[in-house]
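Step one of this worksheet: look at the structure below.
Because only heavy atoms are used, hydrogens play no part in the values below, and waters and symmetry mates are left out as well, while side chains stay in. The first residue in the sequence is number 1, and the count goes up from there.
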Amino acid sequence: MGSLLSVFPLLLLASVCHCSIEFNHSTQSNSKEEENEGLCALLIRPLGYSCFEHTVETRDGYLLAVQRISYGTGGIRTIPGPPVFLQHGLFQGGDAWFANSKEESLGFILADYGFDVWVGNVRGTHWSHGHKSLSEKEKAFWDWSWQELAQYDLTDMITYVYSLTNSKVFLVAHSQGTLMALAALTQPITVDMVEAAALLCPVSYLGHISSQLVLQAVSVHLDQILLAMGLHQLNFRSDIGVHILDSLCDGHVDCGSLLSAITGKNCCFNGSRVEFYLQYEPHPSSTKNMNHLFQMIRKGDFAMYDYGLLGNVKRYGRLHPPSFDLAKIPKSLPLLIAYGGQDALADVTDVEHTIKEFQAKPELLYLESYGHIDFILSVYAKNDVYDELMEFFNSQRRSRSY
């Protein structure tokens with residue numbers, strides 16, 4: 001079972017220079033404990049990068065960690081570059097953007113190329129700081145899905161960066177991060193603060209998902225079983241989480257290659273770094289979040305959380321949950337969609353469904369050999385993906401300068 005756990009965080013997706021604390025508006029972080037044990041101290045400053053911890057309080061009271069890397073290792077800039085915000089995926093945290101070497105990790109690469117890098121961490125992750133009044137032991141703390149992550153977490157973190165930099169934000173998201181982004185970008189409150197967005201392995205429709213392990217979990221109604229049992233936190237570092245994974249594999253799915261069973265075949269993932277990744281992942285999520293994702297798989301839609309007929313009437317004033325309308329994303333917003341032919345989570349058919357619903361055709365980067373994890377952990381991602389991403393952002397900067 002230990003071998004299964006050793007690769008699990010990568011499948012579902014998925015060290016000190018002296019620095020003073022950067023104080024900002026009312027939502028700054030910065031107890032000694034957070035400064036010494038946060039993402040900046042553990043992963044970013046040790047490699048020579050300036051990094052500061054911030055705390056963003058969402059409108060519903062969650063305290064989210066956001067890190068800022070204002071310049072690369074080439075020295076301090078007097079004027080920060082354009083802000084870029086990185087949003088991680090499911091069971092991950094901001095560490096996902098720094099998990100490989102500094103030559104291979106997008107967070108470091110962007111900083112070295114002159115961007116003002118901001119790193120988001122949603123509620124429930126190890127890096128974030130809980131809630132202003134709720135304990136993580138309370139059911140209410142975990143009463144959310146990606147719908148709230150889009151409505152509150154992503155929107156409020158981008159608002160914080162926008163207000164601090166006085167500049168529109170370049171957005172990069174992966175996996176569940178793209179689901180949050182697509183939902184949030186249908187709302188003027190968010191899209192008006194975004195200069196351009198690059199979505200890696202975009203998820204909005206899940207009707208053609210082919211992940212063996214995920215489909216097995218859906219078929220046995222794992223989400224509903226866990227909710228009925230009163231398990232509201234989904235933590236695969238816990239004993240219960242390990243047993244859940246074991247039961248899904250046992251006699252039902254060939255977990256000899258667990259990574260492939262969940263994400264699809266990944267061409268360029270560095271398996272020798274699994275032990276390093278495991279120091280930080282997987283991060284917890286909520287069972288309600290998994291329930292919402294499984295609703296999407298069963299129905300094939302891109303809609304708000306389904307509370308049942310009576311619950312929907314109470315919440316939404318209608319029998320069925322409203323759908324997110326991707327046509328509401330303005331055609332003026334530049335989009336880059338990057339997706340892979342071997343991805344069992346963001347299936348090509350579903351991605352193409354998403355693309356057809358946009359008002360304007362986005363720029364596309366299709367890599368036949370890439371799987372779900374390759375877009376953030378491939379040893380070749382700089383040449384294959386990140387150079388294209390930075391050229392996309394720089395082209396938007398050049399067009400705005402005229």
Side-chain angles (χ1 to χ4, degrees), residues 15-25 27-30 34-56 64-89 92-122 125-129 154 157-174 177 194-198 200 276 280 376-377 381-382 385-387 389-390 393-394 397:
S15 276
V16 228
C17 71
H18 271 310
C19 291
S20 61
I21 297 172
E22 182 181 61
F23 290 96
N24 296 298
H25 296 195
T27 50
Q28 73 241 19
S29 147
N30 301 22
E34 290 164 5
E35 252 329 271
N36 293 330
E37 298 181 5
L39 179 55
C40 284
L42 295 177
L43 270 180
I44 300 173
R45 290 196 200 118
L47 294 183
Y49 291 79
S50 167
C51 185
F52 300 103
E53 296 279 350
H54 297 250
T55 298
V56 174
L64 310 181
V66 174
Q67 292 78 31
R68 184 184 193 181
I69 304 96
S70 297
Y71 53 87
T73 55
I76 299 178
R77 296 194 307 272
T78 56
I79 301 176
V84 57
F85 188 86
L86 306 180
Q87 182 54 59
H88 62 79
Q92 293 183 314
D95 49 275
W97 305 105
F98 306 93
N100 281 341
S101 70
K102 64 181 183 179
E103 294 79 19
E104 297 170 343
S105 298
L106 181 59
F108 292 128
I109 292 169
L110 287 168
D112 286 337
Y113 273 79
F115 287 91
D116 183 12
V117 180
W118 295 79
V119 185
N121 299 272
V122 302
T125 57
H126 302 315
W127 306 118
S128 286
H129 311 304
L154 183 60
M157 287 188 289
I158 289 178
T159 300
Y160 181 81
V161 175
Y162 178 80
S163 65
L164 212 60
T165 62
N166 195 32
S167 175
K168 284 191 173 185
V169 176
F170 289 102
L171 173 62
V172 183
H174 174 252
V194 176
E195 187 73 46
L200 313 180
F276 177 79
Y280 307 102
I376 56 169
L377 293 180
K382 182 184 182 300
V385 182
Y386 305 155
D387 285 348
L389 183 155
M390 288 185 291
F393 284 163
N394 284 327
R397 294 171 64 188

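Here the straight-line distance linking atom OG1 of T165 with atom CG of D116 works out to 7.0 Å at 0.5 Å rounding. From Q87, atom CD reaches atom CG of L200 across 12.0 Å, with rounding to the nearest 0.5 Å. Taking OH of Y280 as the reference point, atom CG of L42 lies at 5.0 Å (rounded to 0.5 Å). Expressed to the nearest 0.5 Å, how far CZ of F52 lies from CD of Q67 amounts to 12.5 Å. Distance check: L39 CG to H126 NE2 gives 12.0 Å after rounding to the nearest 0.5 Å.
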> Would L106 and I376 satisfy side-chain contact (heavy atoms from CB on, under 4.5 Å), going step by step from the backbone distance to the final call?
Replying inline: CA-CA 7 Å; L106 181 59; I376 56 169; over 6 Å; no
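The heavy-atom pair separating L43 from F276 by the smallest distance is CD2-CZ, 3.4 Å. Of all the heavy atoms in E37 and W127, the pair that sits closest is O-CZ3, 3.6 Å. Nearest heavy atom pair, residue F85 against residue V161, reads CD1-CG2, 4.0 Å. H54 approaches L164 most closely through the heavy-atom pair CE1-CD2, 3.9 Å. What you find for E104 and Y386 is that their closest heavy atoms are O-CE1, 3.5 Å. Taking all atoms of both residues into account, the shortest heavy-atom contact from E53 to A65 is OE1-CB, 4.5 Å.
Because its NZ or CZ atom is not both nearer than 6.0 Å to the ring centre of Y160 and within 45° of the ring axis, R68 does not count as a cation-pi partner of that residue.
Panel note: side chain S50, backbone S70; no donor-acceptor pair is recorded below 3.5 Å.
By the 4.5 Å heavy-atom criterion applied to side chains, V169 and W118 are not counted as neighbours. Contact of the L110 side chain with the W97 side chain is not registered, since no non-hydrogen atoms from C-beta on lie closer than 4.5 Å. In this structure, the side chains of V117 and Y49 stay at 4.5 Å or more apart for every pair of heavy atoms. The side-chain heavy atoms of N100 and F108, taken from C-beta on, include no pair separated by under 4.5 Å. In this structure, the side chains of I109 and M390 come closer than 4.5 Å at one or more pairs of heavy atoms. Side-chain contact between N121 and L64 is absent, with no heavy-atom pair separated by less than 4.5 Å. For the pair H88/V122, a side-chain contact is recorded, criterion being any heavy-atom separation below 4.5 Å from C-beta on. Side-chain atoms of E195 and P82, non-hydrogen and from C-beta on, never get closer than 4.5 Å to each other.
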